[in-house]
Undergrad: 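Encoded as structure tokens, here's the structure I'll be asking about.
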Protein chains: 2
Amino acid sequence: MPDRRTTIKDVAAHAGVSLATASRALSGNRPMSEELRARVLASAQELNYRVNLLGRALRQQRHPVVGLSVPDLENPFFAALAEHLSRTLRGAGFELLVSSAGGSVEAEAEGVQAFLGRQVHAVVIIACDESASARTVQDASSATLTVQLDRRVDGVDAAYVGCDNRHGMDLVADHLRRQAVADSKVVFVGAGAESSSARERLQGFLAHFPGSRTMLGSFSLDWGIRAAEQLVEEGRVAGSTLVAAADIIALGLISGLRGQGYEVPGDVRVVGFDGIGPAAFAHPPLTTVRQPVEQMCTEILQLVSTGGDASGSTDGPGSSRLFWPTLVGGPSATGGPRPTEARPAPG
Amino acid sequence: MPDRRTTIKDVAAHAGVSLATASRALSGNRPMSEELRARVLASAQELNYRVNLLGRALRQQRHPVVGLSVPDLENPFFAALAEHLSRTLRGAGFELLVSSAGGSVEAEAEGVQAFLGRQVHAVVIIACDESASARTVQDASSATLTVQLDRRVDGVDAAYVGCDNRHGMDLVADHLRRQAVADSKVVFVGAGAESSSARERLQGFLAHFPGSRTMLGSFSLDWGIRAAEQLVEEGRVAGSTLVAAADIIALGLISGLRGQGYEVPGDVRVVGFDGIGPAAFAHPPLTTVRQPVEQMCTEILQLVSTGGDASGSTDGPGSSRLFWPTLVGGPSATGGPRPTEARPAPG
DNA sequence: ATGAAAGCGCTAACAT
DNA sequence: ATGTTAGCGCTTTCAT
């Protein structure tokens with residue numbers, strides 16, 4: 001750790017040129033003599049110079065950085081989204097900085113405010129809470145390009161990128177019909193109303209299985225395990241089909257059921273939602289609704305690089321971009337027609 | 001998205017005071033008349049002013065931000081570390097920015113360089129590769145306070161915070177002896193030599209079970225599943241005990257084994273390592289070596305806030321801080337004496 | 001207690 | 001093609 005970091009001034013002095021020349025040589029976007037350029041580059045190398053991005057961003061008034069706020073990195077779906085988005089953005093010259101709210105709306109707000117203060121080019125936010133996060137999303141939205149991902153909050157006109165959750169439940173229902181599952185044996189294990197995706201999946205389920213049993217907890221492995229225990233206590237497990245609102249819940253269910261001696265899928269069937277992360281490797285394969293994460297990330301890149309005028313559409317900044325999920329891992333998914341090419345869903 | 005963000009100049013003008021006064025009112029660390037302060041604060045509120053952290057950091061020559069580089073966010077142990085560290089640092093006024101390398105040493109280098117260019121106060125790095133990441137760690141170390149976490153690279157004098165992996169394997173061996181497991185039935189399922197923790201755990205294992213079968217893959221669920229398949233093919237599963245180098249491998253093993261009709265822990269025993277993330281909820285409980293993540297994060301906070309002179313010790317910046325793991329989840333862990341209070345291990 | 005002004009590191013006009 | 005200089009937004013001397 002040197003006392004003072006070397007600046008471009010040091011490099012210029014060492015190379016015997018002006019600051020401007022040094023800057024030009026280092027950024028390399030202006031014509032100049034090869035000799036000087038080489039000298040400057042050599043000096044920079046020798047002095048171990050590294051550009052101060054704070055100074056650059058302050059001067060250029062732009063910052064090729066995107067901030068992503070996730071509710072909780074320990075949710076593997078969010079971790080996978082962060083991973084994919086990072087890769088997609090990096091390929092286009094943007095850096096992704098991740099901030100985790102750890103489930104706290106206050107921490108989420110702090111993280112987003114810090115992004116804004118750091119003049120990020122865009123904010124991508126997976127909101128903690130459908131209503132309590134609204135203020136934070138609104139703040140971000142009024143300050144910079146903002147994209148809601150996977151979950152949308154109430155009454156904010158920021159863009160939204162997600163998957164068509166209701167269609168996902170259509171796929172599940174269709175799958176269960178083909179398997180000739182009795183409606184009375186279907187149980188929904190979902191999450192509370194703190195997020196739009198939880199709500200939409202529940203509603204999508206109820207549209208097909210009105211009156212069926214629903215159990216609401218949280219998007220966690222722990223909840224799946226507890227729900228399994230509860231169902232075992234009630235003696236409702238054998239022969240039933242559990243529709244989980246997320247793979248992580250499904251994995252919890254499976255773990256809980258197997259731990260209590262049930263065979264999955266022998267004694268009881270489990271269907272998931274998300275199709276990414278560990279669930280992709282479940283064994284035997286978990287039947288699940290796969291969100292087109294790559295497409296969602298590409299869409300975000302479009303929004304981020306064009307400033308919201310993506311897709312050749314005339315949609316406003318508050319428009320929704322819904323992508324179609326596909327059913328994977330189940331017998332009907334492999335035997336049936338190829339999954340629908342994911343694309344923006346109508347409506 | 002307003003055309004131009006409001007600056008402190010706007011606030012000063014709106015409140016009818018000088019820039020200096022506005023700055024003092026907003027940062028609030030200098031004495032001034034309550035009346036003016038209130039006026040400035042009101043103006044700031046009204047204009048929806050948010051401080052530009054780039055300008056501030058540039059001027060103050062410091063930035064209460066810590067950068068964390070992880071090899072892969074989809075590894076739940078790293079995600080858990082990120083989550084814990086974020087919480088620990090936030091509590092002390094530091095913000096944690098996470099960058100994922102996605103398994104690529106090049107991406108890791110880019111991410112760290114970006115942190116350095118952004119003048120972060122410290123860099124915490126879980127290195128991708130014991131040798132290929134050395135250059136990146138060295139770069140960081142020569143530019144700012146740098147802490148290696150969980151994995152250390154060769155020949156760099158940056159501080160290291162981790163757990164005593166060999167002691168962890170002592171605990172495992174002790175556990176297996178108590179269970180009267182035959183040495184010949186013990187198999188190690190680990191990861192290749194790309195990280196120090198993988199290597200140390202393997203060495204720790206071999207110290208107790210020399211000549212035992214070892215299988216090396218990667219820290220992934222997928223590898224655990226494939227290893228299980230391979231063991232099944234070889235017909236070595238029944239009655240054996242599989243020691244995994246990480247919980248994520250253990251979970252893969254369990255998934256693969258159960259998928260092929262084996263009972264765990266009935267037919268075959270599995271022991272993990274890490275003790276955090278999803279494995280903490282495995283059902284029935286996975287016997288695993290728990291790393292004292294909270295203590296490790298607290299130690300990092302110490303290093304970060306004191307600039308490396310933590311622990312009241314006179315250790316140099318390149319010193320190791322090893323913490324003692326504990327055995328959890330297994331019968332002997334619940335029935336035996338309380339786990340050793342985790343503390344810096346000797347040596 | 002308040003204001004004027006310098007300057008953090010950088011790049012982009014504007015000269016030459 | 002190269003040098004000089006202004007200024008991004010902010011804090012902090014240094015005056016008053």
Side-chain angles (χ1 to χ4, degrees), chain A residues 2-41 43-44 47-65 114 116-121 143-144, chain B residues 2-41 43-44 47-65 114 116-121 143-144:
Chain A
D3 280 2
R4 202 180 58 82
R5 303 207 218 276
T6 58
T7 74
I8 199 172
K9 208 170 160 184
D10 302 320
V11 175
H14 186 273
V17 298
S18 72
L19 272 84
T21 304
S23 173
R24 290 194 267 258
L26 291 163
S27 53
N29 43 13
R30 305 278 293 189
M32 61 182 297
S33 81
E34 275 313 313
E35 188 224 330
L36 275 195
R37 159 161 297 149
R39 222 164 72 206
V40 171
L41 262 41
S43 295
L47 299 180
N48 193 23
Y49 170 74
R50 191 170 8 241
V51 64
N52 183 327
L53 296 174
L54 268 38
R56 170 180 287 175
L58 189 58
R59 172 63 228 235
Q60 294 194 141
Q61 294 287 71
R62 58 192 188 73
H63 210 185
V65 172
L116 298 179
R118 210 154 279 124
Q119 315 297 103
V120 297
H121 179 254
T144 191
Chain B
D3 281 3
R4 202 181 60 81
R5 303 206 219 276
T6 58
T7 74
I8 199 173
K9 210 171 159 184
D10 302 320
V11 174
H14 186 274
V17 298
S18 73
L19 273 97
T21 304
S23 173
R24 292 194 265 256
L26 291 164
S27 53
N29 42 12
R30 306 279 292 190
M32 60 181 297
S33 79
E34 274 313 313
E35 188 224 329
L36 274 196
R37 159 160 296 150
R39 221 161 75 204
V40 172
L41 262 41
S43 295
L47 299 179
N48 193 24
Y49 170 76
R50 189 168 11 240
V51 64
N52 184 328
L53 296 173
L54 267 40
R56 169 179 289 176
L58 189 57
R59 172 63 226 239
Q60 295 194 138
Q61 293 289 70
R62 58 192 185 76
H63 212 184
V65 172
L116 298 178
R118 209 154 281 124
Q119 315 296 105
V120 296
H121 178 254
T144 192

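Below, chains carry the letters A, B, ... as their sequence lines are ordered, and counting in each starts from 1.
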Undergrad: Is there a side-chain contact between A:Arg118 and B:Val65 in this structure, where contact means two heavy atoms from C-beta onward sitting under 4.5 Å apart?
TA: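 They are in contact (side-chain heavy atoms under 4.5 Å apart), so the answer is yes.
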
Undergrad: Nearest whole Å is fine: how far is D:dT13 C1' from B:Arg30 CZ?
TA: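 Nearest whole value for this atom pair: 9 Å.
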
Undergrad: Given C:dT11, D:dT12, D:dT11, which nucleotide is nearest the side-chain atoms of B:Arg24?
TA: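 Selected nucleotide (nearest to the side chain): D:dT12.
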
Undergrad: With nearest nucleotide decided by heavy atoms, which residue, B:Ala20 or B:Gly55, maps closer to the 5′ end of DNA chain C?
TA: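 The residue closer to the strand's 5' end, by nearest nucleotide, is B:Ala20.
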
Undergrad: Please report the distance, rounded to the nearest Å, between CZ in A:Arg56 and P in D:dG9.
TA: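 Whole-Å distance recorded here is 18 Å.
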
Undergrad: If you check every side-chain atom of A:Thr21, which of D:dC8, D:dC10, D:dT2 has the closest atom?
TA: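 Output: D:dT2.
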
Undergrad: Yes or no on side-chain contact (heavy atoms from CB on, under 4.5 Å) for A:Arg56 and A:Val51, after CA distance, side-chain angles and deciding distance?
TA: CA-CA 8 Å; A:Arg56 170 180 287 175; A:Val51 64; 3.7 Å; yes

Undergrad: For the pair made of CZ in B:Arg5 and P in D:dC8, what is the distance, rounded to whole Å?
TA: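 Rounding to the nearest Å, CZ of B:Arg5 and P of D:dC8 are 15 Å apart.
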
Undergrad: Please state how far atom CG in A:Leu58 lies from atom P in D:dC10, giving the value in whole angstrom units.
TA: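 In whole Å, D:dC10 P lies 9 Å from A:Leu58 CG.
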
Undergrad: Can you check the A:Arg62 CZ to C:dA12 P distance for me, whole Å?
TA: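 My rounded result for the distance is 8 Å.
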
Undergrad: Within this structure, what is the CG-to-P distance between B:Leu54 and C:dC10, rounded to whole angstrom?
TA: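 The answer, rounded to whole Å, is 13 Å.
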
Undergrad: To the nearest angstrom, how far is A:Lys9 atom NZ from D:dT5 atom P?
TA: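 That distance rounds to 13 Å.
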
Undergrad: Nearest-Å distance, CD (A:Gln119) to C1' (C:dC10)?
TA: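 Spelled out: CD on A:Gln119 to C1' on C:dC10 is 15 Å.
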
Undergrad: Within a strict 4.5 Å, meaning less than it, do heavy atoms of the A:Thr144 and B:Arg5 side chains meet?
TA: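 The answer is yes, as the side chains (C-beta and beyond) meet within the 4.5 Å cut-off.
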
Undergrad: On DNA chain D, check which nucleotide each of A:Glu34 and A:Arg59 is closest to and give me the residue with the more 5' one.
TA: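 Comparing both residues, the 5'-ward one is A:Glu34.
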
Undergrad: Counting side-chain heavy atoms from CB outward, which of D:dG3, C:dT2, D:dG9 is closest to B:Arg4?
TA: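 For B:Arg4, the side-chain atoms sit closest to D:dG9.
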
